[in-house]
Protein chains: 2
Amino acid sequence: MDTLLIFKALSNEKRLLILQWLKNPKENFIQPQHLTQHEHFDGGVCVGNIQKKAGLAQSVISGYLDMMQKAGLLESKRIGKWTYYRRNEKVIQEFANFIKKEL
Amino acid sequence: MDTLLIFKALSNEKRLLILQWLKNPKENFIQPQHLTQHEHFDGGVCVGNIQKKAGLAQSVISGYLDMMQKAGLLESKRIGKWTYYRRNEKVIQEFANFIKKEL
DNA sequence: TTGACATATCTATAAATATCGATATAATAA
DNA sequence: TTATTATATCGATATTTATAGATATGTCAA
């Protein structure tokens, strides 16, 4: 876990919000029609819907999500045309423990 | 508590280290001779000693410490010529709770 | 009061980050 | 195959951050 990368990823208001929004995808994002039941990536939201909610250019959001994934905060899966992103709870938990014990 | 300010303050390696060093001032910094017992600011380390440990210019460290104080992570007290900085455990605890519950 | 020292503030520059629009790539639909 | 849609990458520019050195301010000691 690269703690510094995580702090950098979260030192931006929109990225911090995105991580929090992803705690409740159903309440915070338009629900996609694209997914059939069996290819579900549970809790995942496609780039376009995150972009609509965040209100920044598509290229910006794509870069943000990539950065957050590289920090370990998110994980993604491409299904057809769409890339779905969701929280990586394991890393987030690890980070929370680091804060509690080492910070 | 301004969470975003805290994340920004900690999104820099040296600032993150300073906060961690201040958990154990005696082990991490030269002990100052300047303080008499009664005017002690327990756990506080003067700017110059933090600067020596961090290895950046004095003006940079002064700015870092000010930024960390504005974020609430540190508190300071001027005693004579020296300004002592120490951790603000209350805010750090609050931040840890935020991470655990809201992140 | 002057000199020395600790810290804070100011100025300048280089590097990193934020952001957009345009284009490239990948997948699907017609 | 071609057009359309979703996402990723590229190129450009503006803003922010990192950093140093110079100077100002505050405090103490001679």
Side-chain angles (χ1 to χ4, degrees), chain A residues 2 4-19 22 29-36 39 41 44-71 73-86, chain B residues 2 4-19 22 29-36 39 41 44-71 73-86:
Chain A
D2 187 333
L4 195 57
L5 267 190
I6 293 180
F7 276 119
K8 286 183 183 188
L10 297 177
S11 69
N12 171 286
E13 185 168 28
K14 281 286 161 67
R15 289 193 299 260
L16 184 54
L17 282 171
I18 288 170
L19 191 65
L22 285 172
F29 301 97
I30 300 162
Q31 283 314 101
Q33 257 65 61
H34 353 110
L35 293 179
T36 63
E39 63 184 1
F41 182 58
V45 179
C46 69
V47 177
N49 283 345
I50 298 173
Q51 188 261 314
K52 282 182 195 75
K53 173 86 176 182
L56 290 172
Q58 183 271 327
S59 58
V60 172
I61 298 302
S62 177
Y64 278 8
L65 295 172
D66 183 56
M67 177 186 186
M68 292 171 78
Q69 176 164 40
K70 279 176 177 141
L73 294 167
L74 301 181
E75 53 192 358
S76 71
K77 183 177 184 183
R78 176 132 199 176
I79 301 176
K81 294 192 280 196
W82 298 274
T83 306
Y84 296 89
Y85 283 89
R86 70 179 177 193
Chain B
D2 188 333
L4 194 58
L5 267 189
I6 294 179
F7 277 119
K8 286 183 183 187
L10 298 177
S11 69
N12 171 287
E13 184 169 29
K14 280 287 160 68
R15 289 192 300 260
L16 184 54
L17 283 171
I18 288 169
L19 191 64
L22 285 171
F29 301 97
I30 301 162
Q31 283 313 101
Q33 256 65 62
H34 352 108
L35 293 177
T36 64
E39 63 184 1
F41 182 58
V45 179
C46 69
V47 178
N49 283 346
I50 297 172
Q51 189 262 313
K52 281 182 196 76
K53 173 87 175 181
L56 291 172
Q58 182 271 326
S59 59
V60 172
I61 297 302
S62 177
Y64 278 8
L65 295 172
D66 184 57
M67 176 184 187
M68 291 171 79
Q69 176 164 41
K70 279 176 177 141
L73 293 167
L74 301 181
E75 54 192 359
S76 71
K77 184 178 184 183
R78 175 130 197 178
I79 302 176
K81 293 191 281 196
W82 297 274
T83 306
Y84 296 89
Y85 284 88
R86 70 179 177 194

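Just so we're on the same page: letters track the sequence lines, and every chain starts at 1.
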* Structure fact -> With sugar-phosphate taken as primed atoms, P, OP1 and OP2 and all else as base, the protein-contact string of nucleotides 17-30 of chain C at under 4.0 Å (heavy atoms; B, S, -) is -SBBBB----BS--
* Nearest whole angstrom, please: distance from the P of D:dA18 to the CG of B:Leu10. => 12 Å
* With heavy atoms under 4.0 Å as the rule, sort B:Thr83 into base, sugar-phosphate or nothing. => sugar-phosphate
* To the nearest 0.5 Å, how far apart are CD1 in A:Ile50 and OH in A:Tyr84? -> 11.0 Å
* Please give, in whole Å, the distance from C:dA8 P to B:Lys70 NZ? -> 11 Å
* Asked: Can you name the side-chain contact (heavy atoms from CB on, under 4.5 Å) partners of A:Leu5, sequence neighbours left out?
  -> A:Asp2, A:Ala71
* Asked: Taking only residues two or more places apart in sequence or in another chain, which ones pass side-chain hydrogen bond (donor to acceptor under 3.5 Å, both in side chains) with A:Asp66?
  -> A:Lys70
* To do: Can you tell me the distance, in whole Å, between the CG atom of B:Leu4 and the C1' atom of D:dT17?
  => 14 Å
* Could you list the residues that satisfy side-chain hydrogen bond (donor to acceptor under 3.5 Å, both in side chains) with B:Ser76, not counting sequence neighbours? => B:Gln69
* To do: Check side-chain contact (heavy atoms from CB on, under 4.5 Å) between A:Lys14 and all other residues, then give those that pass, not counting sequence neighbours.
  => A:Asn12, A:Ala54, A:Leu56, A:Tyr64
* Would you mind reading off the distance between B:Leu65 atom CG and C:dA6 atom C1', rounded to a whole angstrom? => 13 Å
* **Atom-to-atom span, OH of B:Tyr84 to C1' of D:dG26 - whole angstrom** => 15 Å
* Structure fact -> With sequence neighbours left out, the residues meeting side-chain hydrogen bond (donor to acceptor under 3.5 Å, both in side chains) with B:Arg78 are none
* Between B:Val45, B:Leu17, B:Leu73, which is the residue that forms a side chain to side chain contact (heavy atoms under 4.5 Å, CB included) with B:Leu22? -> B:Val45
* Just how large is the angle between the end axes of the helix from C:dT1-D:dA30 to C:dA30-D:dT1, five pairs per end, to 10 degrees? -> 10°
* Asked: How would you list, by chain and number, every residue that makes a side-chain hydrogen bond (donor to acceptor under 3.5 Å, both in side chains) with B:Gln51, sequence neighbours excluded?
  -> none
* What is the distance, rounded to the nearest whole Å, between atom CD1 of A:Ile50 and atom C1' of D:dA6? -> 13 Å
* What is the distance from CD of B:Glu13 to C1' of C:dA16, rounded to the nearest Å? -> 15 Å
